Trainee: 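I'd like to ask some things about the structure below.
Remember, it's a predicted structure, so these values are computed and weren't measured experimentally.
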Amino acid sequence: MSLLSDLINLNLSDHTNKIIAEYIWIGGSGMDLRSKARTLPGPVTDPSKLPKWNYDGSSTGQAPGEDSEVILYPQAIFRDPFRRGNNILVMCDAYTPAGEPIPTNKRYNAAKIFSNPEVAKEEPWYGIEQEYTLLQKDVKWPLGWPTGGYPGPQGPYYCGIGADKAFGRDIVDSHYKACLYAGINISGINGEVMPGQWEFQVGPAVGISAGDELWVARYILERITEIAGVVVSFDPKPIQGDWNGAGAHTNYSTKSMRNDGGYEIIKKAIAKLQVRHKEHIAAYGEGNERRLTGKHETADINTFKWGVADRGASVRVGRDTEKDGKGYFEDRRPASNMDPYVVTSMIAETTILNKD
């Protein structure tokens with residue numbers, strides 16, 4: 001008699017050319033990832049070769065019941081670390097049957113910005129630091145914290161090791177390897193300042209691929225925590241009080257910034273970001289005002305300031321960038337629940353296309 005684990009791990013390629021494609025999309029809240037699977041006749045590596053599909057938008061808050069069909073357009077393919085073999089994960093965006101992007105389709109506008117010739121020639125690079133919190137399933141309290149109580153104060157947990165400092169490392173390492181398997185350019189992980197909180201970094205990724213890769217990395221993390229019986233939270237301030245919040249610091253550079261003389265380009269770009277500070281803050285994640293207080297390595301939400309090696313700034317420039325006269329900068333304002341399509345394209349639009 002086969003065990004359930006034996007059946008889950010069946011290698012389909014031994015007996016059939018058919019593959020399973022898991023279509024992934026973003027639901028009506030802007031953070032709820034959804035997915036469903038279909039069988040395809042053989043391996044596919046080009047998203048344009050994949051069939052469009054549909055789903056019931058009335059069940060995801062994206063369409064009325066009397067006209068509920070929403071169409072999925074495949075946009076990016078990743079290897080499936082759960083089914084493995086030739087099976088794939090497919091990042092999609094959503095359209096009406098008439099071909100119009102639905103209001104929650106933020107990828108569509110981002111793709112337009114990244115395909116602008118002025119943006120494309122600058123080859124914008126992104127590195128996104130995604131922080132998140134692992135919660136106990138039944139009580140929705142951080143992993144490793146005593147139920148209804150608090151651990152010792154912050155200090156020993158950041159990049160910490162040991163059973164009394166690091167909670168959920170098996171989940172974190174599983175996610176790291178699964179992302180590498182999938183083809184996501186995940187560049188690292190670390191324990192964060194608040195116990196039960198972790199971070200992974202995606203990048204460098206160019207243009208629209210930064211959003212695709214981060215969303216699929218989030219999807220993989222949700223699936224792994226599902227298996228582990230743990231809840232992942234992207235809330236920017238999951239625990240009130242003297243605890244760090246969770247952000248999605250976005251590192252950014254253009255070709256001009258990476259070339260000689262790039263530091264001057266960086267300073268001009270930061271000045272443009274300052275002018276549009278309120279617009280960016282409005283698009284940088286729900287509940288961010290609970291995190292951007294001017295404490296716990298943040299700048300106050302109503303104040304824009306930048307500095308070299310300043311983790312209390314809105315925008316931080318690294319020492320190496322200052323020393324080399326070229327490089328990148330870090331926008332520290334995005335919340336952990338930000339939409340990477342919105343944030344990455346908005347930074348490019350402000351710094352490259354805004355001529356003011």
Trainee: Can you pull the ring pair (Phe, Tyr, Trp, His ring centres under 6.0 Å) pairs that have at least one residue in residues 19-73, sequence neighbours excluded?
Mentor: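 Sorted result for residues 19-73: Tyr23-Trp53, Trp25-Tyr55, Tyr73-Tyr95.
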Trainee: Could you check whether any side-chain heavy atom of Leu72 comes within less than 4.5 Å of a side-chain heavy atom of Val90, counting everything from C-beta outward?
Mentor: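 SC-SC contact between Leu72 and Val90 ruled out.
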Trainee: Validate the cation-pi geometry between Lys267 and Tyr263: distance from NZ or CZ to the six-membered ring centre under 6.0 Å, angle to the ring axis within 45°.
Mentor: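 The answer is yes, since Lys267 meets both limits relative to Tyr263.
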Trainee: Calculate, to the nearest 0.5 Å, the distance between atoms CD and CD1 belonging to Glu69 and Ile71 respectively.
Mentor: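 Answer rounded to 0.5 Å: 4.0 Å.
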Trainee: With clusters defined by side-chain heavy atoms of hydrophobic residues (ILVMFWY) lying less than 4.5 Å apart, directly or transitively, does Ile8 cluster with Ile20?
Mentor: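 In one cluster with Ile20: Ile8, no.
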Trainee: Heavy atoms only: give me the nearest Asn86-Ile88 pair and the separation to one decimal.
Mentor: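 What the structure gives for the nearest pair is O-CG2, 3.6 Å.
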Trainee: Report yes or no: does Tyr132 contribute a side-chain atom to a donor-acceptor pair with the main-chain N or O of Gln197 at less than 3.5 Å?
Mentor: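 Here the side-chain-to-backbone pair does not exist.
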Trainee: Keeping the roles fixed (side chain from His277, backbone from Ile301), state whether a donor-acceptor pair exists under 3.5 Å.
Mentor: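 Here the side-chain-to-backbone pair exists.
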Trainee: Would you say that Thr133 contacts Val232 through its side chain, given a criterion of any heavy-atom pair below 4.5 Å between the two side chains?
Mentor: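 In short, these two side chains do not touch, never coming nearer than 4.5 Å.
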Trainee: Of the non-hydrogen atoms in Trp243 and Pro195, which two are nearest, and what is the gap between them?
Mentor: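 Heavy atoms of Trp243 and Pro195 come nearest at CZ3-CD, 3.9 Å.
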Trainee: Please report the shortest heavy-atom distance between Met31 and Met338, naming the atom on each side.
Mentor: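 Heavy atoms only, the tightest pair is SD-O, 4.4 Å.
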Trainee: So, is the end of the Arg84 side chain (NZ or CZ) under 6.0 Å from the ring centre of Tyr181 and within 45° of the ring's axis?
Mentor: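 So Arg84 doesn't make the cation-pi contact.
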Trainee: Taking Ser58 for its side chain and Gly65 for its backbone only, find out whether a donor-acceptor pair lies under 3.5 Å.
Mentor: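 No; judged by distance alone, with no hydrogens or angles, the pair does not exist.
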Trainee: For a 4.5 angstrom cut-off between non-hydrogen side-chain atoms, does Leu89 reach Ile24?
Mentor: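 Result yes, sub-4.5 Å side-chain heavy-atom pair found.
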Trainee: Applying a strict under-4.5 Å side-chain criterion to I, L, V, M, F, W and Y, I'd like to know whether Ile265 and Tyr126 cluster together.
Mentor: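 Hydrophobic grouping puts Ile265 with Tyr126.
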Trainee: Does a salt bridge link Lys305 with Asp300, judged by any charged N lying under 4.0 Å from a carboxylate O?
Mentor: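 No, no charged N to carboxylate O under 4.0 Å.
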Trainee: Are the side chains of Arg311 and Thr298 in touch, meaning some heavy atoms are under 4.5 Å apart?
Mentor: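 No, too far: nothing below the 4.5 Å cut-off.
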Trainee: I'd like to know if Lys255 pairs up with Glu122 as an ion pair, taking the criterion as any Lys NZ or Arg NE/NH1/NH2 lying under 4.0 Å from an Asp or Glu carboxylate oxygen.
Mentor: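 No salt bridge links Lys255 with Glu122.
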Trainee: Between Thr225 and Leu221, is there a donor-acceptor pair closer than 3.5 Å when you use the side chain of the first and the backbone of the second?
Mentor: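 Such a contact is found between Thr225 side chain and Leu221 backbone.
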Trainee: Should Asp235 and Glu286 be marked as a side chain to side chain contact (heavy atoms under 4.5 Å, CB included) after you check the CA-CA gap, both sets of side-chain angles, and the distance that decides it?
Mentor: CA-CA 8 Å; Asp235 190 285; Glu286 294 293 326; over 6 Å; no
Trainee: Walk me through it: do Asn87 and Leu12 pass the test side chain to side chain contact (heavy atoms under 4.5 Å, CB included)?
Mentor: CA-CA 9 Å; Asn87 303 301; Leu12 297 179; 4.1 Å; yes
Trainee: Let's go through Glu22 and Arg83 carefully: what are the C-alpha distance in whole Å and the side-chain angles of both, what is the deciding distance for salt bridge (Lys or Arg N to Asp or Glu O under 4.0 Å) to 0.1 Å, and is it a yes or a no?
Mentor: CA-CA 10 Å; Glu22 189 79 25; Arg83 296 187 176 107; 2.7 Å; yes
Trainee: In terms of hydrophobic clusters joined by side-chain contacts under 4.5 Å, are Tyr108 and Met91 together?
Mentor: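 No, no single cluster joins them.
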Trainee: Which heavy-atom pair separates Glu131 from Gly247 by the least distance, and what is that distance?
Mentor: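 For Glu131 and Gly247, the tightest heavy-atom pair comes out as OE1-N, 2.7 Å.
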Trainee: Closest approach of Ile26 and Tyr341, non-hydrogen atoms and distance?
Mentor: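 For Ile26 versus Tyr341, the nearest heavy atoms are CD1-CE1, 4.1 Å.
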Trainee: Any Lys/Arg nitrogen of Arg333 or Asp331 sitting under 4.0 Å from an Asp/Glu carboxylate oxygen of the other?
Mentor: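 Yes, Arg333 and Asp331 are salt-bridged.
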Trainee: Which value, rounded to the nearest 0.5 Å, describes the distance between Asp93 atom CG and Lys106 atom NZ?
Mentor: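 Between Asp93 CG and Lys106 NZ, I get 12.5 Å after rounding to 0.5 Å.
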Trainee: Quick one: do Lys323 and Asp320 make a salt bridge, cutoff under 4.0 Å?
Mentor: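 So Lys323 does not pair with Asp320 through a salt bridge.
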Trainee: If you define the side chain from C-beta out and look only at heavy atoms, does anything of Phe114 sit under 4.5 Å from Pro124?
Mentor: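 The answer is yes, as the side chains (C-beta and beyond) meet within the 4.5 Å cut-off.
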Trainee: Step by step, would you call Leu50 with Ile77 a side chain to side chain contact (heavy atoms under 4.5 Å, CB included)?
Mentor: CA-CA 10 Å; Leu50 288 167; Ile77 292 175; 3.6 Å; yes
Trainee: Looking at Phe234, does the NZ or CZ of Arg218 lie under 6.0 angstrom from its six-membered ring centre and within 45 degrees of the ring axis?
Mentor: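 Yes, cation above the ring, under 6.0 Å and within 45°.
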Trainee: Quick check against the 3.5 Å criterion: does Ser115 have a side-chain atom that pairs as donor or acceptor with the backbone of Ala111?
Mentor: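 Yes.
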Trainee: In terms of ring plane angle, is the pair Tyr157 and Phe167 parallel, tilted or perpendicular, where the classes change at 30° and 60°?
Mentor: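 Rings of Tyr157 and Phe167: tilted, as their planes differ by 30° to 60°.
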Trainee: Any carboxylate oxygen within less than 4.0 angstrom of a Lys/Arg side-chain nitrogen, looking at Arg34 and Asp32?
Mentor: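 Answer for the salt bridge query: yes.
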Trainee: Of all the heavy-atom pairs spanning Leu273 and His280, show the shortest one and how long it is.
Mentor: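 Distance-wise, the nearest heavy atoms are CD2-CE1, 3.6 Å.
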Trainee: Donor-acceptor check, side chain of Asp324 to backbone of Lys326, threshold 3.5 angstrom: yes or no?
Mentor: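 Absent.
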Trainee: Could you check, using the six-membered ring where one of them is a Trp, whether Tyr252 and Phe329 have ring centers closer than 6.0 angstrom?
Mentor: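 Centroid distance Tyr252-Phe329: below 6.0 Å, so yes.
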Trainee: Hey, could you give me the CG/CG distance between Leu4 and Leu7, rounded to the nearest 0.5 Å?
Mentor: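 It is 6.5 Å, given to the nearest 0.5 Å.
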Trainee: Can you tell me how far apart OG1 (Thr293) and CG (Asn302) are? Round to the nearest 0.5 Å.
Mentor: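 One finds 11.5 Å between OG1 of Thr293 and CG of Asn302.
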Trainee: Quick check for you: to the nearest 0.5 Å, what is the distance between Thr250 atom OG1 and Glu129 atom CD?
Mentor: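 Atom-to-atom, Thr250:OG1 and Glu129:CD are 8.0 Å apart.
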Trainee: Take Trp215 and Asp339 through the test side chain to side chain contact (heavy atoms under 4.5 Å, CB included) and record every step on the way to the result.
Mentor: CA-CA 8 Å; Trp215 272 118; Asp339 187 324; 3.3 Å; yes
Trainee: Spell out, as yes or no, whether a donor-acceptor pair under 3.5 Å connects the side chain of Lys272 to the backbone of Asn354.
Mentor: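 Side chain of Lys272 to backbone of Asn354, a donor-acceptor pair under 3.5 Å: yes, one is there.
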Trainee: First locate atom CG of Asn244, then atom CE of Met194, and finally report the distance between them rounded to the nearest 0.5 Å.
Mentor: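 Between atom CG of Asn244 and atom CE of Met194 there are 8.5 Å.
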